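Fair warning: this is a prediction, and the values are worked out from it, not measured in the lab. Chain A is the first sequence line, chain B the second, and so forth, proteins listed ahead of strands; every chain is numbered from 1.
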Amino acid sequence: MTNLGPLLLLLAGVPQRTGGPAVPVRGVVQAAENEQPLLGARVHATRSGRTVETDRQGRFVVWLAELPDTLVVRMIGRRPETVAISELSGVALSIKLEPSPAPIPAVTIYGIEDSGAVPLAPATWSLPRAVLQAQPSAVEADVLRSLAVAPAITFSTPLSAQPLVRGQDGGAVSVRLDGFTLLNPYHIGRYLGAVTPNAVQTAAVMTAPVGEEWGDATSGVVDIQMRAGGGEVAGGGQVSLATASAWVGGPAGIGRWFVAGRHAYFGDLPVDPLRDSPYGMDDAYGRFMIPVGHLPLEITAFGSRDRIFNRETGDGMRWSSRLLGARLPATIGRGGRLELWGELSAFDENVVNVPLRGQPLDIRNRFSTAAVGFRVQWSGDSRDLGLGAEVRRRHMVNEFMGGFLTPPDLDVTTTSAAAFAGIDVRSRVVSAHVGLRVDADSANVALQPRARLAMAVGGSWVLSLAAGRSAKLYHLISDPQPEPDPLFYDIWRPAGGATPVPVADHALIELRHGAGVGIGARVGAFAGWLRGVGEVRLISLDGGADALRFGQGRLYGVEAEASSTNERFSGSISYVLSWSERRWGGPGSPYIPWIHDRRHQVRLILGREIGHRWRLNSFADVSSPEPLTPIVAVAQQGVLTPVGVIRDTVLGRFVMIPGAENSLRGVWVGRVDLALTKAFSWGGARGAVGVSVLNLSFTRVAPVRAQLGGFGGAVQYKPLYPLPPIPTITLRLEF
Amino acid sequence: MRSSGDNWGRRTVALAIFVVACGLPRPVEPNVRGEEVVVAQALLSTESTTQTIWIERSSSIDSTLHGGLRPLTTPPSLVEVRDTLGAQFIFVQDSANPARFVATFTPINGRRYNLRIDADTQTLTASVTVPLGLTLIQPALDTVVLPAGDSLAVAWTSLSSRSFGWAVTPPDTSSWDQPTFRFDALTRDSTLSVPSFEFQGTRLLWVLALDAQSWAYFHLHGSPDRLPVVGNVKGGAGIFGAVTADRVVVQGP
């Protein structure tokens, strides 16, 4: 039976004390093997009944109602650690968590038994590196593709690594690296992510409504936490069929450093339409902790580059993404933490005469953002308070030549500011959070309230509710389905004037049972209402000549997932039933299915030890058909002349005439991926060799499109592309 | 008598063939009902006093396609174009070619024109703004002589969008049976280099400025199987566009 008493007391602002003034205990949680700060570790005071999570520097402050008390520290993929606190020494605790030998399931559902308190954040998935590396892959393990273990994440097709969250477009997701803005972190046509998994500690997926500290996201945030250097020099390398990567990190006095890099080169990339063109890609990462007085200045640097040009014609494309972020954390008083931060992030893209859907394009795109800000968190007796602010400058350039519908050129610089504040109240049985974010520039002010509530409802079950608004002051509109063409682009538009502000209101309810007692389960329902949704107009169904269209959207659905793990086996299964619709004609016009609306989605993720240090991992996905715009008729085109159209000629191609947009459904798609890994030790090093096959089942993975049959044949519907099984061999060695 | 091992081997092969067959890009057949759509195609041209609109019915999606005109079984009761100043231009059906409708007028650069076709139970509408004038700035002369092996450098200016095309035609515009307009002659550039072999004898080199919708409609020739086309005609399909041009006489080899 749910006890509402604590909830009422909580809401009344009455602290939950057992007696005596509470005292704060500070500490840092690190990885035992390399002293890397661990973000998101849960620290639970058993007697005081309080639980906190570590921040990006691994720091925590937990208020103890009485002494002695015991801290239990837990984190996915690591052994729990217990620390007895009998008296306060005034020195911050240093807690190190050992890696867990048990297999890590792809999905771990947190419940009460895992942390000793009601977890507050619903619809959040945290994926450690081991999970990201274990997922079957093509070319090599990919951080962004591996996000498919979260049922809220989908992709337009298996050839895209751009995550889509719950029925919204790729531009609605904010990808972060150590919390800093990462722009277009992709290689070759968004087939691959540009962040090498071997340099990653964890990747977190948060679906809207996210915390108010996150901006520039209306569907969700993917926060990739990179590795850091430890107390000893350690590193490794990996080679696969296509790439080579290396990483190393260690101490520099009391500072830390970590660098990683990856490289691939093809003399002739076997990808249309850029065959006979050499292709090179690189990505590099650096993370440094530099002592500044008593404070640790943390620097994150990232760069990626792609280049492919035909030697003879000069046609091709190149793009790069760069990030430099700095963070200076400090403590304030007994329970406060301050963080000053700044970032520079940039993306640029040059395309010369590369076809997209048969239309040659020239593109010159630039996007850069620079920001400074601060964040303060104060952990009190029974409440946590957070607030912060930032000032940001964005420069956006779009220049398109060619293509079916070409957006107008853009070269604009905007300045905006944001501020946020939120308060957490937690107890054994109830946790609540309310917050507000405000983003503003010269043309717009976006108020974004957000709230969450979680309560224990009996046994190990937790009921969570969340609602909130998210907004952006600019549009990031991606081509929704360029594949299989290896060309991608974004169109940016500042909101204001005729361009609406993108706003999303979300609500969700979730019931979950933690995996700590054998089987974790989660079932939830979500809904969203979208305004100012922008999209690239792929075909001009309404006769308009604008490259973009703006409208409204709505989405809703239910999710269910379950996971289980023991010493040799891990498994998770999820099912999503969802709807996502758009309306482009204004109020009164009908809603039509979103281009990637799939009603049903089932995923099965299994891992099993099958011998001494052999492991088999599989990923299976089945999804119901995407919407399809049918072809209802065919006509013969006239011939263009300076004096008009000529039709009384044998010339003139047949063209297809579409019916109502997205009025039909295409085909079911699905696939099975498999990975077999053997871990080994070699002297003082440890390694793994693995074989992975994407689409081992050789099943249909892409939606169908209409095309005219050859030699004047009837209209046919064929998959966008076939995807034969793609094998990958990977050898990884770490010292 | 077959051994169980043989049976399993055959089943394994059959399963593998089945799995492979699942992935092959074979056609699928969604339950699509075809429709008969009225297709109107027209480009108002500032280079002609006679404007033509082609009005036809579409072909079926299920059968093999055959080229040729497909006039409506019942002619439209009204085919008109009006400009924003209220002038009305009625298009009359060509008695020799029931798919062809003509009117005598010359569109004005920069002016907007609205099309209306009342066809049986359907009404088709569309609008276009005629591109602003285009001027050849290179070559500077109206007539040039191009020796064999040379290329003609062409440059132009236009206050319209970046939707251009070019064509080489016989000098007499009234005698075109098979115009030598090339599908790949649409361009976003404002310069051009045309080799001498394009000019056999005396020819006209046209540089065209199109409205954006027409440019896209005709540019889709590249891969019509990748992208369906509708154009800008509401209530039907096709294109109602406009073209303006400048030209130079080229005396080729």
Counting heavy-atom pairs under 4.5 Å to chain A, which of B:Gly68, B:Ala42, B:Ser60, B:Ser214 comes out on top?
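With the most close heavy-atom pairs to chain A, the winner is B:Gly68.
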Kindly check if the number of other-residue, nucleotide or ligand heavy atoms within 6.0 Å of CG (A:Asp411) is above 12?
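It does: A:Asp411 CG has more than 12 such atoms within range.
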CZ (B:Arg116) with more than 12 external heavy atoms under 6.0 Å:
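Result for CZ/B:Arg116: open.
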Interchain contact, B:Glu36 with chain A, by part (heavy-atom threshold 4.5 Å):
neither
Contact between B:Glu56 and A:Arg647 at the side-chain level, heavy atoms closer than 4.5 Å - yes or no?
yes
Looking at [Y], is its backbone amide N or carbonyl O close enough to the side chain of [X] to form a donor-acceptor pair, meaning the two atoms are under 3.5 Å apart?
{"X": "A:Gln637", "Y": "B:Tyr217", "result": "yes"}
{"X": "B:Glu35", "Y": "A:Ala633", "result": "no"}
{"X": "B:Trp54", "Y": "A:Val645", "result": "yes"}

Give me the atom names and distance for the closest heavy-atom approach of A:Val632 to B:Ile61.
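Smallest heavy-atom distance, with atoms named: C-CG2, 3.4 Å.
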Which atom pair, heavy atoms only, marks the closest approach of B:Ser45 to A:Pro642?
OG-O, 2.6 Å
Side chain to side chain contact (heavy atoms under 4.5 Å, CB included) between B:Thr169 and A:Thr641, worked out:
CA-CA 9 Å; B:Thr169 70; A:Thr641 78; over 6 Å; no
Distance (rounded to the nearest 0.5 Å) between A:Ile646 CD1 and B:Gln41 CD:
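Rounded to the nearest 0.5 Å, the CD1-CD separation comes out at 12.0 Å.
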